Amino acid sequence: MPDNGAVLESAVREMARHTGRPELTAAIDRCATFATTVVDRITPRTTDEDLAAVAAATGLADAAPVVTEPFAEWVISGEFPAGRPRWEEAGARFVADVTPYEQRKLWLLNGAHSLLAYAGGIRGRTTVADAVADPVCRDWLAEWWAEASRHLTLPHEESVAYRTALLDRFANPRIRHALAQIAADGSQKLPVRILPVLSRERAVGRVPQGAVRVLAAWVCHLRGRGVPVTDTEAARIVPLAQGPLPAAVRGILTFLGPELAADLTLVDAVRGQAEALCAP
């Protein structure tokens, strides 16, 4: 979640106000600060097989084991007026502003996940490792990453190294990350994973085919192609995506943002890619 420290602070302060106890708000003012963090580690949903493996290895019945990849990154920004734990000794990074790291993770990792979930699902892939092994999906990833990387503020060599590492992370056969899990709640994910890059590209007159492909694949997903639809907004967006494809594209783009549906060049581009992806 972008700027999660501010979001958490707003929620805590609102809860304090609802208690009717002004001293709680005063205590927050006096004692609390809210850090913003970025956590980067792929953790697929725990399966029954994971539960059985943990029980066999440890002899313990753990109801909530978490399977993770070897890679881990934790970036933190915030004030610690009373001092802070020495988390950097365990690999955490303290920075003045997490925004560049938020964008890198949301666009390069999470945006790529959404691309693979919708477009890879249409191609019959079921996991991230399956999808990234598909040469067509790999080409689509490279296209999306090139677009997103143009708008990152971290040093170029860091972005290149991150993308290289992502290919290895995605291809890890021991991390069975289901595309159906990633595809859930695209209505909440695409606005922070894809639309920021899309808007920046359109602002300079480019039609970013990688970003367009994600939106087109999402339209096809909502029309029943690829993995099943699971979305908190399904009752609104699934009907919008039905019927003639041109109207469906305009309806979904209007849902994401009226300015997108008003961009006729973008509408045509999404429709064109959707026609190719949705074709039998």
Side-chain angles (χ1 to χ4, degrees), residues 1-5 7-9 11-12 15 32-78 80 83-95 98 101-102 104-106 108-118 120-121 124-133 162 164-189 192-193 221 226-234:
M1 178 183 291
D3 202 17
N4 48 69
V7 174
L8 175 61
E9 179 175 7
V12 171
M15 291 175 66
T33 62
F34 298 82
T36 294
T37 70
V38 177
V39 175
D40 187 349
R41 196 171 202 188
I42 296 171
T43 54
R45 182 177 293 130
T46 302
T47 66
D48 290 340
E49 291 77 10
D50 297 327
L51 299 178
V54 171
T58 67
L60 302 174
D62 187 341
V66 178
V67 176
T68 69
E69 62 173 335
F71 181 94
E73 183 178 63
W74 188 19
V75 185
I76 308 165
S77 174
F80 294 83
R84 60 170 169 78
R86 294 192 298 274
W87 290 325
E88 66 274 15
E89 294 180 6
R93 180 186 303 184
F94 290 90
V95 299
V98 302
Y101 300 93
E102 283 182 344
R104 184 185 68 178
K105 196 249 184 177
L106 284 169
L108 298 187
L109 191 159
N110 298 126
H113 267 172
S114 290
L115 168 63
L116 297 176
Y118 303 125
R125 312 309 175 194
T126 59
T127 68
V128 171
D130 293 338
V132 82
Y162 188 80
T164 300
L166 277 179
L167 286 176
D168 289 336
R169 295 167 64 189
F170 287 175
N172 185 346
R174 295 175 65 91
I175 297 295
R176 184 173 172 77
H177 205 177
L179 298 182
Q181 176 190 347
I182 297 166
D185 292 324
S187 62
Q188 312 302 309
K189 295 173 179 176
V192 294
R193 296 180 176 189
H221 164 71
V227 299
V229 175
T230 304
D231 199 295
T232 57
E233 294 285 352

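Owing to the predicted nature of the structure, the values given are computational and were not obtained by experimental measurement. Positions are given from 1 along the sequence.
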Under the 3.5 angstrom rule, does the side chain of H221 hit a backbone N or O of V227 as a donor-acceptor pair?
-> yes
Rounded to the nearest 0.5 Å, the OG1 atom of T230 sits from the CD atom of Q181 at a distance of 11.0 Å
Rounded to the nearest 0.5 Å, the CD1 atom of I182 sits from the NE2 atom of H113 at a distance of 4.0 Å
Item to check | N/O donor-acceptor pair under 3.5 Å between K189 side chain and A184 backbone | outcome: yes
Correct closest heavy-atom pair for L166 and L108 would be CD1-O, 3.6 Å
Does any part of the side chain of D40, heavy atoms only, come nearer than 4.5 Å to the side chain of Y162, both counted from C-beta? yes
### Query
side-chain contact (heavy atoms from CB on, under 4.5 Å) between L60 and V54: does it pass, once the steps are laid out?
CA-CA 7 Å; L60 302 174; V54 171; 5.9 Å; no
Check your understanding: Around R176, counting heavy atoms of other residues, nucleotides and ligands shown, do more than 12 lie under 6.0 Å from its CZ?
Key -> no
Here the gap from L116 atom CG to L179 atom CG, rounded to the nearest 0.5 Å, amounts to 7.0 Å
Q. When you measure from the side chain of D50 to the backbone N and O of T47, does any donor-acceptor pair fall under 3.5 Å?
A. yes
In this structure, CD of E69 is separated from CZ of R174 (nearest 0.5 Å) by 13.0 Å
Taking the side chain as C-beta and beyond, is there a heavy-atom pair between F71 and I42 under 4.5 Å?
no
Minimal heavy-atom distance between L109 and R169, with the atoms involved, is CD1-NH2, 3.5 Å
When every non-hydrogen atom of V192 is compared with those of P2, the smallest separation belongs to CG1-CG, 4.2 Å
dist H177:NE2 -> N172:CG (nearest 0.5 Å) comes out at 12.0 Å
Hits for side chain to side chain contact (heavy atoms under 4.5 Å, CB included) against D130, two or more places apart or cross-chain, chain-then-number order -> R125, T126, T127
Minimal heavy-atom distance between T46 and P65, with the atoms involved, is OG1-O, 2.6 Å
All heavy atoms of D185 vs all of T232, minimum pair found to be OD1-N, 2.8 Å
For S77 and V98, the nearest pair of non-hydrogen atoms, with its separation, is CB-CG1, 3.3 Å
Output for pair (F94 CZ, R84 CZ), nearest 0.5 Å, gives 3.5 Å
- Query: Does D3 use its side chain to pair, donor to acceptor, with the backbone of T36 at less than 3.5 Å?
  - Reply: no
